[in-house]
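Inspection log for the structure reproduced underneath, given as structure tokens.
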Amino acid sequence: MRKAASVLGLVLGLYLVVRAIAEPFVIDMSDPATYRNDWGGPSLAGVLLVHCGPGVVAAVVITAVLLRRRRAGRARG
């Protein structure tokens, strides 16, 4: 069960990271009409925070978990 939760969390985290990377290319940052009605709108900062923030958090968590597992593996071996 724990392994399934880890895989599901990793898949969700990677989705959020890819979405965060793609978001600035999807919207036209020079035209407020393209993101005014999006979540976090009408400001560009709000839209980027709502759409990219979870991806940044996911990237930090994934990196921290991988580093912790790597260190734990070295300590055992």
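All residue numbers refer to positions in the sequence shown, counting from 1.
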Does the Thr34 side chain pair with the main chain of Ile27, one donor and one acceptor, at a distance under 3.5 Å? no

Pairwise side-chain contact, Val26 with His51, heavy-atom cut-off 4.5 Å (strictly under): no

State, to 0.1 Å, how close Ser6 and Arg69 come at their nearest heavy-atom pair, and which atoms those are. OG-NH2, 3.8 Å

Output, in order, the C-alpha distance, side-chain angles, deciding distance and verdict of side-chain contact (heavy atoms from CB on, under 4.5 Å) for Tyr35 and Leu44. CA-CA 7 Å; Tyr35 56 81; Leu44 178 60; 3.6 Å; yes

From the list Leu66, Val60, Leu67, side-chain contact (heavy atoms from CB on, under 4.5 Å) partner of Thr63 resolves to Leu67

Considering non-hydrogen atoms only, spot the tightest contact between Ala20 and Cys52 and give its length. O-SG, 3.4 Å

Rounded to the nearest 0.5 Å, how far apart are CG of Leu12 and CD1 of Ile62? 8.5 Å

Residues Pro32 and Ser30: closest non-hydrogen pair is CD-O, 3.6 Å

How about Asn37: does its CG atom have over 12 heavy atoms from other parts shown lying under 6.0 Å from it? no

What closest approach, in Å, do Ala58 and Val17 show between heavy atoms, and which atom pair accounts for it? CB-CG2, 4.2 Å

In this structure, would Val57 and Val65 fall into the same cluster of hydrophobic residues linked by side-chain contacts under 4.5 Å? yes

